Structures are given as structure tokens and as C-alpha cells.
There are 2 protein chains.
Amino acid sequence: MGELADAATVADRVFDSLCDAIVSGKIAAGSKISEPELAKRFDVSRASLREAIGRLEACNLVNRRPRVGARVVELSLHELLEIYRVREALEGMAARLAAEFMSDKELNDLKALLEDELQLDSGNSNHDFHYAIVQGSQNRRLSHLLCDDLYHLMRMYRYQLGRDSGRASTASKEHGLILDALQDRDGEMAELLMRRHIRKSRAYIEKMIMPRSQGD
Amino acid sequence: MGELADAATVADRVFDSLCDAIVSGKIAAGSKISEPELAKRFDVSRASLREAIGRLEACNLVNRRPRVGARVVELSLHELLEIYRVREALEGMAARLAAEFMSDKELNDLKALLEDELQLDSGNSNHDFHYAIVQGSQNRRLSHLLCDDLYHLMRMYRYQLGRDSGRASTASKEHGLILDALQDRDGEMAELLMRRHIRKSRAYIEKMIMPRSQGD
DNA sequence: TCAATCTAGATTGTCGACAATTACCCATCT
DNA sequence: AGATGGGTAATTGTCGACAATCTAGATTGA
């Protein structure tokens with residue numbers, strides 16, 4: 001997953017840099033993407049830069065209007081809650097399929113990951129857990145939607161709104177229950193628990209950050 | 001939904017034409033996308049054409065390899081079955097949300113649509129039913145994934161593999177049950193029925209066309 | 001003083017051209 | 001004969017330039 005590693009083409013390198021800058025907030029949300037300015041900064045032609053912008057649009061990181069230009073997407077709580085609905089549906093299905101297709105070894109590795117998480121108290125393995133299950137679904141279309149179309153956007157929200165550390169410990173317990181269902185090869189239960197897990201995260205966000213309701 | 005209508009930009013027009021040609025099979029699946037050839041045929045520069053190809057890639061209609069070129073995607077039964085898993089998850093969620101958010105008028109209109117479908121025996125309103133529910137979910141991210149990222153690809157499969165006419169009448173009955181659940185404002189039931197509906201379509205495809213299993 | 005209009009600047013979409021890489025074809029060798 | 005290597009042609013990625021459009025600021029009028 002090392003993105004900045006090898007860039008087969010100039011546009012790839014520019015895309016990686018821009019993607020990282022937008023997700024991390026170095027390029028502010030809502031700000032304009034000036035083609036001449038960025039072309040100078042990266043020392044590339046506008047053609048390569050426009051290619052990169054096109055891919056940013058495909059990742060839902062920028063909005064483009066013809067003859068006007070591209071702007072970094074505005075992050076609204078409303079849209080974040082929408083994304084959680086999609087995640088609930090998609091990752092729930094992923095869990096169901098993972099119960100069928102993940103190997104015993106993969107499940108044991110995942111169990112080790114969870115135990116490390118409990119010991120080290122490092123909440124950032126949260127993402128790894130979900131990622132492993134999505135990959136375990138062995139459904140390329142599913143992992144494409146989750147890991148290409150929504151991944152960067154979710155990462156951007158996490159950067160912008162800060163970590164949901166308040167739920168880290170309860171989330172770990174829920175991860176454990178999901179893993180148990182996977183090892184029981186109980187796809188229906190795995191889906192049910194995964195959906196409830198994501199729904200709880202959504203409710204947590206709704207209650208914690210909704211009071212200062214921005215946007216629509 | 002008239003795509004070929006207004007093209008704000010040249011690349012838009014080329015994209016619409018190419019998208020239609022690929023979906024309908026006028027450009028064969030697996031065939032190469034030659035930039036010089038198509039640029040001449042559409043009488044546009046390669047820059048505009050490459051912009052269009054980039055969007056085709058975002059729609060999952062072509063695969064691109066750097067320094068090699070773009071090819072129209074190959075349709076495998078395996079991938080079609082994958083898509084049906086995604087649809088099951090996403091449209092199931094859409095039905096749940098539609099039970100909450102669709103207005104009484106929208107539901108009545110949908111009922112009229114179904115009755116027309118029964119009388120006219122026109123199976124092509126199948127798509128309209130699903131489309132209406134997706135829109136009724138009032139979740140822009142959800143409808144974006146379904147109507148932009150997967151729509152053209154599903155249409156391409158329908159063109160290529162022919163219509164699943166064998167299930168038209170039973171599908172209509174299932175649509176009726178889903179609508180009843182929606183009018184009862186029973187989101188849980190609507191989701192359950194929608195998922196079962198799509199799962200049945202998937203099983204039908206698996207049994208009917210799987211014997212001559214092509215691809216992986 | 002505020003609104004509407006016009007002008008100037010900047011930006012986007014589009015175009016043609018060039019270099020590097022790839023694919024294809026033919027000759028050569030085992 | 002089949003596989004391997006070299007050479008040529010074509011294609012892709014990249015670049016700079018131009019025209020049409022949009023944005024912003026100044027100007028004019030009420």
C-alpha cells in the first residue's frame with residue numbers, strides 16, 4: 001500500500017502527492033485546484049496534472065465543473081453519515097463472504113493482530129482489521145469500491161475530524177466478536193455483528209459531533 | 001437519462017458515444033482502444049479522447065495499463081456474480097432507507113408503474129423499479145455507486161448476455177412484495193425482500209448460464 | 001451609497017508535435 | 001521447425017501554445 005513508492009508515470013506521481021496533500025489537509029477542503037499553479041509547483045505540464053485531477057475526481061476527492069475548475073470536496077457531517085450507511089451494507093456483506101472464504105491461517109493472523117491491538121493499545125489497527133476482512137471476501141468489485149472509491153475519502157474525514165478514540169476499547173471488543181463469528185464460519189452472524197459495529201460507530205459520530213451541525 | 005443530449009465539453013460528447021458503443025457491444029469486449037484511430041473517427045484531438053478514456057476507466061468499462069493502452073473490459077460470469085453480491089448489499093440498504101424517506105406520492109407512482117408493467121408485460125420497467133428505490137434512499141453516495149460506478153457495467157452485461165426473461169413474471173411478484181413493505185414503512189422487511197430478490201436473480205444466472213462456464 | 005455594466009486578466013478546454021517505450025515482423029541460430 | 005534476437009513502425013505519455021470562457025475589479029449610472 002506504499003503509494004509514493006513507484007510511479008509508473010508522471011501523472012501517477014502527481015496524483016499520489018495531491019491525494020496525500022488533500023487527505024492530510026495540506027490542501028484545505030473547499031479550496032480551488034489551480035492548474036497553472038500546481039503545474040509550476042510540481043514542474044510538470046498541465047496535461048499530466050489534468051490527468052491526475054481526473055483521477056482525484058474518480059476518488060471523490062475533488063468536484064469539477066466544466067469551464068470553472070476543480071475544488072477539493074467539502075466534508076459535511078451529512079455525507080459522512082451517508083458513507084457509514086454504505087460501509088454498513090458493503091462491509092456487512094464482506095464479513096459474510098469472509099466467513100466463507102478466509103483461510104484458517106488468515107483468521108489466525110487476524111486474531112494475532114487483535115491481540116496485539118489490545119496489548120499495544122494502538123487504535124490505528126482498527127483500519128487493518130476492516131481491510132483484512134474486505135480482502136478476505138475475495139470479491140474484487142467489493143474491495144474495489146471500498147478500497148479505491150471510498151478509502152481516501154474516509155481517510156480524509158479521519159484526518160479532518162480527528163480520531164474517534166472514545167470508542168476504541170468497545171470497538172476492539174466488537175472486533176473480537178466478529179472474529180469469533182468468522183472462525184465459527186457463521187457468515188450470517190458475522191454480517192450481523194459487522195453491521196451493528198459500523199452502525200454503532202455511526203451513532204457515536206452522530207451524537208458526538210452532530211451538535212455543532214455544519215452543512216446540510 | 002438521455003446521455004447523448006447535451007455535452008458541455010467535447011470530451012463529454014466523446015465519452016457518451018464511446019460509453020454507448022462499448023455497452024451495446026459495437027466495440028467488442030476485450031478489444032483495444034486505439035487513440036489515434038478513435039481521434040480520427042470522432043475528429044477530435046487525442047487530449048479530449050484521453051479525457052474520455054479516463055472516465056471510461058472510472059466507470060469500469062475499460063482497463064488501462066501504462067505505456068500499453070486501454071482495452072474494453074472482458075465480461076466474465078464470475079465478475080457478474082460478484083456484482084450481484086454488491087447489488088444485494090447496496091440495494092438492500094437502499095430499500096431500507098427508501099421505506100423511511102420515500103413520500104407517499106412516490107410510492108403510489110411506483111405502484112402505478114408496477115401495474116403498468118403487469119398489464120403491458122414490458123419487462124424493461126424492471127430497471128426503473130430498482131432505480132426509483134435507489135433514488136428514494138436519499139443517499140447520494142449510495143446512488144452514486146449504483147448509478148455511476150456500476151450502472152453502465154450492468155447494462156453492458158444485459159446487452160451481452162441477453163435478457164433474463166425467464167424470471168420476468170416471478171420478479172414482478174417480488175417487486176410487488178417489496179413495494180408492500182415500503183408502503184408499510186417496514187424498512188427491515190423491505191431490505192430483506194430486496195436482498196432475497198437480488199439473490200434469486202443471481203442464483204438464476206448461476207444455474208442458467210454457468211454450465212458453459214467461461215473464464216474464471 | 002449601492003447596483004449593474006463593461007473591461008481586463010486569468011484559467012480552462014482543446015489542439016498539434018515530440019520523445020520514449022512498446023508491439024510486431026523478419027532474419028538468424030540451434 | 002521452433003525459439004530467440006534485432007530492427008522498424010506505431011502508440012503512448014508528455015509538453016507548450018492558442019482560443020473561448022469565466023472571474024474579478026473598475027467604471028458608470030441611479
Side-chain angles (χ1 to χ4, degrees), chain A residues 3-22 26-74 148, chain B residues 3-22 26-74 148:
Chain A
E3 286 185 339
L4 300 171
D6 56 343
T9 177
V10 174
D12 279 326
R13 180 174 57 83
V14 174
F15 167 77
D16 288 339
S17 294
L18 278 179
C19 188
D20 199 61
I22 290 176
K26 284 196 278 282
I27 298 180
S31 62
K32 182 154 172 29
I33 299 287
S34 169
E35 294 184 5
E37 177 193 334
L38 290 177
K40 258 197 308 182
R41 185 187 302 181
F42 286 106
D43 196 43
V44 296
S45 85
R46 273 185 54 228
S48 300
L49 191 110
R50 283 172 63 82
E51 167 82 23
I53 292 178
R55 278 183 238 179
L56 289 177
E57 189 185 22
C59 292
N60 303 300
L61 290 180
V62 304
N63 291 327
R64 249 168 53 164
R65 284 189 307 169
R67 306 278 169 191
V68 174
R71 305 192 81 88
V72 179
V73 290
E74 296 271 9
D148 292 338
Chain B
E3 287 185 337
L4 300 171
D6 55 343
T9 178
V10 174
D12 279 326
R13 178 174 57 83
V14 175
F15 167 77
D16 288 339
S17 295
L18 278 180
C19 187
D20 200 60
I22 289 175
K26 284 196 278 282
I27 299 181
S31 62
K32 183 154 171 29
I33 300 286
S34 169
E35 294 183 5
E37 177 194 334
L38 290 177
K40 258 197 307 183
R41 185 189 302 181
F42 286 106
D43 196 44
V44 297
S45 86
R46 272 185 55 227
S48 300
L49 190 111
R50 282 172 64 81
E51 168 81 22
I53 291 178
R55 276 183 241 179
L56 289 177
E57 189 185 23
C59 293
N60 303 300
L61 290 179
V62 304
N63 290 328
R64 249 170 45 164
R65 283 190 309 169
R67 306 277 169 190
V68 174
R71 304 191 81 89
V72 179
V73 291
E74 297 270 9
D148 292 337

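Order of the sequence lines sets the chain letters (A, B, ...), proteins ahead of strands, with each chain counted from 1. Remember, it's a predicted structure, so these values are computed and weren't measured experimentally.
- The separation between B:Phe42 atom CZ and C:dC15 atom C1' is 18 Å, rounded to whole Å.
- B:Asn63 pairs in a side chain to side chain contact (heavy atoms under 4.5 Å, CB included) with only one of the listed residues (B:Val72, B:Val73, B:Ile33), which is B:Val73.
- The closest side-chain heavy-atom distance from A:Asp148 to A:Cys59 is not below 4.5 Å.
- For the pair B:Glu35 CD and C:dG16 C1', the computed distance is 14 Å after rounding to whole Å.
- At least one side-chain heavy atom of B:Phe42 sits under 4.5 Å from a side-chain heavy atom of B:Leu18.
- As judged by a 4.0 angstrom heavy-atom cut-off over every strand, B:Ile33 is placed among residues touching the sugar-phosphate backbone only.
- Using a cut-off of 4.0 Å between Lys/Arg side-chain N and Asp/Glu carboxylate O, B:Arg46 and B:Glu37 are scored as not salt-bridged.
- Of the listed nucleotides (C:dT22, C:dT11, D:dC15), C:dT11 has the atom at the smallest distance from the side chain of A:Pro36.
- Nucleotide C:dT12 holds its P atom 9 Å from the CG atom of A:Leu38, rounded to whole Å.
- Look at CZ on B:Arg64: it is 10 Å from C1' on D:dT12, rounded to the nearest Å.
- Remark: C1' of D:dG13 and CD1 of B:Ile53 are 12 Å apart, rounded to the nearest angstrom.
- Phosphate contact (OP1/OP2 of C:dC24, side-chain N/O of B:Lys32, threshold under 4.0 Å): absent.
- Heavy-atom nearest nucleotides on DNA chain D were determined for A:Pro66 and for B:Pro66, and the one closer to the 5' end corresponds to B:Pro66.
- If you measure from atom CZ of B:Arg67 to atom C1' of C:dA19, you get 9 Å, rounded to the nearest angstrom.
- Here CG of B:Leu61 is found 7.0 Å from CZ of B:Phe15. Values are rounded to the nearest 0.5 Å.
- The nearest heavy atom of DNA chain D to B:Ala70 and to A:Ser45 marks one nucleotide each, and the one closer to the 5' end goes with B:Ala70.
- Phosphate contact (OP1/OP2 of C:dC15, side-chain N/O of B:Arg46, threshold under 4.0 Å): absent.
- Straight-line distance from the CZ atom of A:Arg55 to the C1' atom of D:dG13: 11 Å, rounded to whole Å.
- A close approach under 4.0 Å does occur between a side-chain nitrogen or oxygen of B:Ser48 and OP1 or OP2 of C:dC15.
- Between A:Thr9 and the phosphate of D:dT12, there is no side-chain N or O to OP1/OP2 separation shorter than 4.0 Å.
- Rounded to an integer number of Å, the gap from CZ of A:Arg65 to C1' of D:dC22 is 10 Å.
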